Amino acid sequence: MSAEMRSNFLRTQIQDDLDTDRVSAVVTRFPPEPNGFLHIGHAKSITVNFGLAEEFGGQCHLRFDDTNPEKESQEFIDSIQEDVRWLGYEWHGEVRYASAYFEQLYEWALHLIEQGLAYVCDLSPDEARAYRGTLTKPGQDSPYRARSVVENRDLFVRMRLGEFNDGERVLRAKIDMASPNINLRDPILYRIRHADHHQTGSDWPIYPTYDFAHGQEDVIEGITHSICTLEFEDHRPLYDWFIENLPVPHRPRQIEFARLKTSYTVTSKRKLKQLIDEAIVEGWDDPRMPTISGLRRRGYPAAAIRHFCEEVGTSRSDSVVDVAMLESAVRDELNRHAPRAMCVMRPLRLTLTNLAEPLKLQVPNHPVDQSFGHRELVLDAELFIDEDDFREEANKHFKRLVIGKRVRLRGGLVIEAESCDKDADGAVQCVYAKCITAVPGDDPADGVKPKGVIHWVSADRAIPATIREYDRLFSVSDPGKAEDLSAVLNQDSLTTNTTAMVEPGLVTAEPEDVYQFERQGYFVADRYEHHSERPVFNMTIGLRDTWSNPNG
RNA sequence: UGGGGCGUCGCCAAGUGGCAAGGCAGCGGGUUUUGAUCCCGCCAUUCGGAGGUUCGAAUCCUCCCGCCCCAGCCA
C-alpha cells in the first residue's frame, strides 16, 4: 500500500492479518445481487474490495449473489459487469455465481440435518413470526423442532424433489429461539420457490437464503476478507456458527464498514424505480440518476468516482457525505483532462464593424497542458456571443461587454462595443463593436485593458446543438427521509436548450467525449443521442462560481 | 425498555496515553486571454456530556446523553 493513502481500519486490520501470518494473501469479492443497477454506494464497495486486493497484491472476485431468482435477471448481470469494468476494475478469473454452488450448499444443509442441527419446519410465515418473539421477548420453539434426523432428511430431500408447494415448508437451523440476537432464533436456510432461475433454469425448486449461502460462498472461493456493510454485523455470529458446524477448511474474516451515502441523493432501489416508473427521469441511466450508468452518461469520469471514494474514507460511522465533494472530484479530474471548446448558449449577434477579412486563430485546447495542442478557429465579422455577456450599461464589476467598453474575444482580438439594436420591447437584437487590436494576443496600443474575456462562435460556421442542463434532482439534502418523494423534487432538474451554437470543430466529438465549454462548465457528448449532424451534450457540472454578485 | 454498532471543525475523516493530519465547503489575498484553474493565508486551547485514573487522556475506567441497525420464507 502506498504511503500517501490515508489509513483506515480496513487496511490496518488486513495488514495486521498479513503481518501475523493469519493469511498469506488477500482475496476479496464484490458480491452484488443482480436485482438492479449499481449506484454510487456500490461504487464505494467496488473501490474498497478491488482496491484492497490491488493494494495488497491479492485478487478480487465478482460474484453474483443470485439466491432469489424472482427478483433477478440477466439484464442486471450484464449491466453490473459493464459498470464494474467501466469503473476501471477487472475481476480475477471468471464471473462467479452463488447458483453455481447450489449443489454444495445443499450437501452442507444435509450435513447439518445429519448432525441434528437443522430441521424442516411447517410453520406458515405468520406463525413463524409469532413464534420468533420480539426484540425484547424470547421466541418459542417450533412444534416441528423435534423432528427426527430421518424425517428431516426425508422431508428436505422431497423439498428438493419439488413435492411441496411454495411456502409450505422451510429448512431451519436449530440454534436458540431465546437468543437475544434474533438472527440466531432458528434462521431459515432454505425456502421453496418453484421459480425458474436465470442461471440454473428449473433445476431447483428450493433456494438457500442469503444468510445460509453468503458465508459459504466466501468459503468456497477462499475469500480471506469478507467485507460488507454494518447491518450484517449481528449476522456474523450466525455465519460463524455455520463455519463451526460445517466441514469447511477455511474461515473468511468478515469486516463491516459504513455504506456510502451522499446528500441530495436517494439510492434505495424502490425509490430509484419510483423515479423511473413515474417518468420523473428517463431510465436507470438518466444523467440525473446516482446509478453508475447515470453518472457515466452525465459525464462523470470513472477516475473521479474512484478518487471520491478514496477521499471520503472508510469508517464505521453512519455518515452522509456532501455531494459537493463528489462534484469537486469531478471538476478536478475534468479540469486536467477535458479539452476546452466554446459554446454559446443563448446567441446574441455581434457584428465587428471594422474586421475586413476573416481571421485565422490558433487557440490552445488547454490553458496549462500544452500536450492538448491547438485548434484553428476562424474569427468572422458576424459572431454570436451569449446574451448574458452583453449589457448596454453596467457597473465596474461587470467584466463583460458594455457599450463603450472593451473585452477580449477568447483566443482573438480585443473589441469595443459601439451600439446595439433593440426591438419594440427593448430587447437587444444585435450588437455592433469594433476591433481595437489587429493581431491575436496583442494588447490595445492605448493601454486601455479589456474588462474581461468572453467566448464566441462564428455565426456562419458554428453548428447548432442541443444542450441539456442538469441540476440536482431533489430540493432537500436528505430526500431519502421524505415521506413523499415527489414533494421534494426539484422541478427544474432538466433544462433542454435547443438554441445553443458550438464551434465547428465539435463535429468530430464522439459520444462520451467531455469538453469544457469555456467559462461555463463541462459537457459530455451524450452516449446514445449525440450525432455529429445533431450534437447533443449533457452538462456534467458547471465551473465553480465564486462571483459574489451575479447582478454585477 | 433485548442484542449489535456509532458519536473528533458546517460535511467527510486521520489519530489507539505525550502537546488535534488531510479533503470538501467557507472566508481573505496573489497570478490569470475561462469571474475557472493555480498559489498563499485563515478556519477545533478542543475531541457527545459529567466524573475518575495518570506527570500527562480524543485515546484507559465509570456513569449519562444522542443517533443508527435487527422481529423478510429480501440481500
Side-chain angles (χ1 to χ4, degrees), chain A residues 6-8 12 31-33 35 65 67-68 70-71 121 123-125 128-129 132-139 166-172 178-185 187-193 206-207 209-211 213-214 228-237 256 258 260 262-263 269 308 310-329 331-332 335-336 340 342 363-364 366-368 397-400 407-412 414 440-441 443 450 452-455 477 516-521 542-550 552:
Chain A
R6 196 226 266 77
S7 84
N8 66 47
T12 303
E33 183 189 15
N35 69 344
D65 222 322
T67 55
N68 187 356
E70 291 171 315
K71 294 186 173 179
C121 180
L123 252 25
S124 71
R129 188 179 312 120
R132 191 153 37 231
T134 69
L135 294 178
T136 52
K137 281 184 299 190
D166 287 6
E168 207 174 318
R169 298 178 210 273
V170 294
L171 181 72
R172 295 227 253 167
S179 172
N181 181 344
I182 289 182
N183 298 118
L184 262 21
R185 317 239 265 229
I188 290 168
L189 271 29
Y190 269 90
R191 64 293 212 193
I192 299 172
R193 284 286 176 285
I206 57 173
Y207 291 94
T209 56
Y210 172 87
D211 273 346
H214 196 82
C228 64
T229 41
L230 255 24
E231 68 268 28
F232 293 107
E233 182 151 27
D234 49 22
H235 291 234
R236 201 166 63 207
E256 310 84 12
L260 168 67
T262 55
S263 57
K269 201 189 102 182
F308 166 68
E310 173 58 27
E311 278 173 5
V312 299
T314 308
S315 77
R316 288 173 60 84
S317 44
D318 287 312
S319 56
V320 179
V321 176
D322 190 339
V323 75
M325 212 160 154
L326 207 208
E327 296 173 343
S328 170
R331 287 195 186 95
D332 181 59
N335 175 50
R336 284 179 286 117
R340 311 290 127 122
M342 291 194 281
V363 181
H366 194 283
V368 178
H397 297 298
F398 188 72
K399 297 169 65 177
R400 309 179 190 183
V407 292
R408 183 184 298 277
L409 294 173
R410 180 58 154 167
V414 175
D443 286 327
V453 180
I454 64 173
H455 57 278
S477 66
Q516 182 196 103
F517 289 164
E518 294 211 52
R519 303 207 305 132
Q520 302 182 98
L543 251 30
R544 191 159 163 267
D545 182 11
T546 52
W547 188 22
S548 52
N549 186 353

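As a basis for the values below, the full set of heavy atoms in this structure was taken, side chains included, without hydrogen atoms, waters or symmetry mates. Computed from a predicted structure; not experimentally measured. Chain naming here is simple, since letters A, B, ... match the order of the sequence lines and numbering starts at 1 in each.
Using a 4.5 Å heavy-atom cutoff, the side chains of A:Leu543 and A:Gln520 are not in contact. Residues A:Tyr207 and A:Arg191 are in side-chain contact: their nearest non-hydrogen atoms beyond the backbone lie under 4.5 Å apart. A 4.5 Å side-chain heavy-atom check between A:Asp545 and A:Arg519 finds every atom pair outside the cut-off.
When heavy atoms are screened at a 4.0 angstrom cut-off, A:Gly139 is found touching no nucleic acid atom at all. Note on A:Gln516: a base of the nucleic acid sits closer than 4.0 angstrom, heavy atoms only. Within the 4.0 angstrom heavy-atom criterion, no nucleotide atom of any strand lies near A:Pro138. Base engagement by A:Arg340 is indicated by at least one non-hydrogen atom pair under 4.0 Å involving a base atom. No contact: A:Ser263 has no heavy atom under 4.0 Å from any strand. Counting any heavy atom pair closer than 4.0 Å across all strands shown, A:Gly521 reaches no nucleic acid atom. As judged by a 4.0 angstrom heavy-atom cut-off over every strand, A:Val320 is placed among residues touching the sugar-phosphate backbone only.
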(message) Generate the contact string for nucleotides 23-30 of chain B. Rules: B means base contact, S means sugar-phosphate contact only, - means no protein heavy atom under 4.0 Å.
(response) BS-S----
(message) How would you summarise protein contacts on nucleotides 69-75 of chain B per nucleotide, using B for base, S for sugar-phosphate only and - for none, with heavy-atom distances below 4.0 Å?
(response) BBBSBSB
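Shown here are the ring-ring contact (aromatic ring centres under 6.0 Å, His included) partners of A:Tyr190, two or more places apart in sequence or in another chain: A:Phe156, A:Phe212. For A:Arg400, the salt bridge (Lys or Arg N to Asp or Glu O under 4.0 Å) partners are A:Asp389, not counting sequence neighbours. Judged as a salt bridge (Lys or Arg N to Asp or Glu O under 4.0 Å), and not counting sequence neighbours, A:Arg544 has no contacts. Not counting sequence neighbours, A:Glu168 has no partner by the salt bridge (Lys or Arg N to Asp or Glu O under 4.0 Å) test. With sequence neighbours left out, A:Arg408 forms a side-chain hydrogen bond (donor to acceptor under 3.5 Å, both in side chains) with A:Asp443. For A:Arg169, the side-chain hydrogen bond (donor to acceptor under 3.5 Å, both in side chains) test picks out A:Asp122, with sequence neighbours left out. For A:Arg193, the salt bridge (Lys or Arg N to Asp or Glu O under 4.0 Å) partners two or more places apart in sequence, or in a different chain, are A:Glu70.
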Report all interatomic pairs (protein N or O, nucleotide N or O of nucleotides 16-18 of chain B) with separations under 3.5 Å.
none

Protein-nucleic acid N or O pairs under 3.5 Å, nucleotides 65-68 of chain B:
from, atom 1, to, atom 2, distance (Å)
B:C68, O2', A:Asp318, OD2, 3.3

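If A:Asp443 and A:Thr314 are placed on RNA chain B by their nearest nucleotide, the residue sitting closer to the 5' end is A:Thr314. Where A:Thr136 and A:Ser315 each meet RNA chain B at their nearest nucleotide, the meeting point lying more 5' is that of A:Thr136.
Between A:Glu327 atom CD and B:A36 atom P there is a gap of 17 Å when expressed in whole angstrom units. Distance CG (A:Leu543) to C1' (B:U37): 8 Å, rounded to an integer number of Å. If you measure from atom NZ of A:Lys399 to atom C1' of B:U34, you get 10 Å, rounded to the nearest angstrom. Taking atom CZ of A:Arg400 as the reference point, atom P of B:G35 lies 8 Å away to the nearest angstrom. A:Arg316 has its CZ atom 14 Å from the P atom of B:G15, to the nearest Å.
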(request) Verify side-chain contact (heavy atoms from CB on, under 4.5 Å) between A:Leu135 and A:Ile182, making sure each step is shown before the conclusion. (result) CA-CA 7 Å; A:Leu135 294 178; A:Ile182 289 182; 3.3 Å; yes
(message) Between A:Arg236 and A:Glu256, is the side-chain contact (heavy atoms from CB on, under 4.5 Å) condition met? List the steps.
(response) CA-CA 10 Å; A:Arg236 201 166 63 207; A:Glu256 310 84 12; 2.7 Å; yes
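Partner assigned to B:G2 is B:C70, using Watson-Crick or G-U wobble distances below 3.5 angstrom. B:C63 is paired with B:G49 under the criterion used here, namely a Watson-Crick or G-U wobble arrangement in which both key atom distances are under 3.5 Å. Pair assignment for B:U37 gives none, since no Watson-Crick or G-U wobble pairing has each distance under 3.5 Å.
With distances taken from any side-chain atom of A:Ser319 to the nucleotides B:U37, B:C12, B:A14, the minimum falls on B:C12.
Across the P atoms, B:U37 and B:U45 are found 29 Å apart, a figure rounded to whole Å. Nucleotides B:C43 and B:C24 have their C1' atoms positioned 13 Å apart, rounded to a whole Å. Taking the P atoms as reference points, B:C55 lies 41 Å from B:C68, given to the whole Å. When the P atom is compared between B:G48 and B:A20, the two are found 15 Å apart, to the nearest whole Å. Only the C1' atoms considered, B:C6 is 15 Å distant from B:C12, to the nearest whole Å.
B:G29 has its base anti relative to the sugar, with a glycosidic angle deviating from 0 by more than 90°.
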Without placing hydrogens or testing angles, list every side-chain donor-acceptor pair under 3.5 Å for residues 319-327 of chain A, not counting sequence neighbours.
from, atom 1, to, atom 2, distance (Å)
A:Ser319, OG, A:Ser317, O, 3.4
A:Asp322, OD1, A:Ala324, N, 2.9

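Under the 4.0 Å criterion applied to side-chain N and carboxylate O atoms, A:Arg316 and A:Glu233 are assigned as salt-bridge partners.
Between the side chain of A:Ser179 and the backbone N or O of A:Arg185, no donor-acceptor pair lies under 3.5 Å.
Other residues, nucleotides and ligands place no more than 12 heavy atoms under 6.0 Å from the NZ atom of A:Lys137.
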